[in-house]
Amino acid sequence: MAKITYITKAGEEIQLEANSGSLMELAVKHKVAGIDGDCGGVCSCATCHVHVAPEFYQKLDAPTEIESDMLEFDDNVTEYSRLCCQIPISAAVDGITVNVAN
Amino acid sequence: MSASYFSDAFKDTRETMGTCPFNDQNDPVTMLLRFKDVRKTAHNTKSFSSAAKPGRIVVPSEVNIRETRQIPFEVDPPEHTEYRALVEDWFKRPLDIDYEFKLTRIVEAEIDRVLQKGAIEAISELSLPIQSKALTLLLNISLSEAETWISWGTHVFRSEDSDLDADKASILYDYIDAEIDKAIAAPDDSLYSVLLNSEYQGRKMTKEEVKGVLILTFAGGRDTVINYLTNTITYLAEHPEAIEKLNDNPALVNTAIEEFVRYFSPLTHMGRVVKEEKEISGHIAKEDTRVSLCWASANRDESIFENANEIVLDRKMNPHVAFGFGAHKCLGATHARQLMKVFLRVLTEKVSSIEIIDAVENIEDWGAHKRKVGFDKLTIRLNAK
């Protein structure tokens, strides 16, 4: 079971646990504000944009070109930006913290 | 040729030129055909404006049949941002469980009704009624109101003879005026009343602004949704194995709806008026000329989509622009996606196979390019499970 912490734009901290799916799916299921996941995770909508805590960013697989291109056009992009539909939940992300970007 | 085959109408021009001209009522448009150009241009609202004369960013232009500005669609940031924020939460209601439940009941009732009938004409007897009845949920008004909209036929602006029919358009505009007046006289919890109570820049929205949001809501989601539903039916008719696959695998429905909307791209393109001269794939876009963002072409760009001309139901990465892109992305997309999901779920649950009896294609004429966008008529038979 991986523990994931989401911090919304309003500063609310939401801790959730799961062992499958993506960070977007978990957030949508628990109605984390600012993560809509409109397209269901196919990288078409950028409504699941988060900033990953720096210590975890490097541990993740690098974003694909399609994801990077989507982020290029979104608001509030930083070097730690990711679309969380592209972050699968596994032991590798246990303890991760992400800030909702928009 | 099969009914569910929609060719990549812009392929050669997209790959060789990247843009193509289209003469629209003496206000020419340069269509942008490449995925990256379309996204970049859609994102650049400063150089490529939506706030031109009402109707001008639509192709074919509606300047001769409409004076009301559609909101937030025909407004640029920063005003656009405030208008959009006013309506954003309302247009996310389709995610509520209760909304999904009511939508499911509507679609079930419509499919049960046509299952009793034998052969039907799918557009007038299934797609239009579903689209209209679903829209009553988005407006939060009585289901019976849909009967009026169904009686208007499939096109709000078009007649058999003309793409732009002022008499037909006035039916919609007069109807919306009357409904706004009713909501002023007797406020309720409909979209009309919610908008009339909304504040823009510290003052109440005007009747004209409310009308602008409503015209967008009615017109933007009519032909597009009808074509989506009808085209999806042809795919399932010609790929019966997909019916069982989708019924057995709810997760597949999520990727399938995105793939159908990419492949069918119900809205071919949308225009912008150039505010600052720019070069796009060799085209010099001069001030006060028009360009269009060709979603349909971008969605078949093989530099982005593998097997772009195939429907891959479980396509994992699908950055399509069928709902537009950037600040102006489709306001009704949440409603449309919920309807697309519910429609696929209910149809694949109740129907074992679909026969196409007769199909008359609807081919759009964009000068050098002819694009199939849907059907004028589609006679089918649904076979119950």
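In what follows, chains are A, B, ... by sequence order, proteins preceding strands, each numbered from 1.
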Measure [X] against the heavy atoms of chain A and call it side chain, backbone, both or neither at under 4.5 Å.
| X | value |
| --- | --- |
| H320(B) | both |
| K40(B) | both |
| R262(B) | neither |

- prompt: Which one, K316(B), K329(B), R39(B), R315(B), leads in non-hydrogen pairs under 4.5 Å with chain A?
  reply: R39(B)

message: Nearest 0.5 angstrom please: E25(A) CD to N254(B) CG, how far?
response: 8.0 Å

task: Can you measure from OG1 (T81(B)) to CG (D75(A)) and round to the nearest 0.5 angstrom?
output: 9.0 Å

Looking at every heavy atom in both [X] and [Y], which two are closest together, and how far apart are they?
| X | Y | value |
| --- | --- | --- |
| K92(B) | D36(A) | NZ-OD2, 2.7 Å |
| M317(B) | Q86(A) | SD-OE1, 3.5 Å |
| N318(B) | S44(A) | O-CB, 3.1 Å |
| I66(A) | I304(B) | CD1-O, 4.3 Å |

Surrounding [atom1] of [X] (heavy atoms of other residues, nucleotides or ligands, distance under 6.0 Å), is the total greater than 12?
| X | atom1 | answer |
| --- | --- | --- |
| E279(B) | CD | yes |
| E306(B) | CD | no |
| N307(B) | CG | yes |

Qualifying ring pair (Phe, Tyr, Trp, His ring centres under 6.0 Å) pairs, either residue in residues 77-102 of chain A, two or more places apart: Y57(A)-Y80(A)

query: Do the rings of F73(A) and F325(B) sit parallel, tilted or perpendicular, given the 30° and 60° boundaries?
result: perpendicular

Pairs satisfying side chain to side chain donor-acceptor pair (under 3.5 Å), at least one member in residues 87-97 of chain A, at least two apart: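 Qualifying pairs, neighbours excluded: none.
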
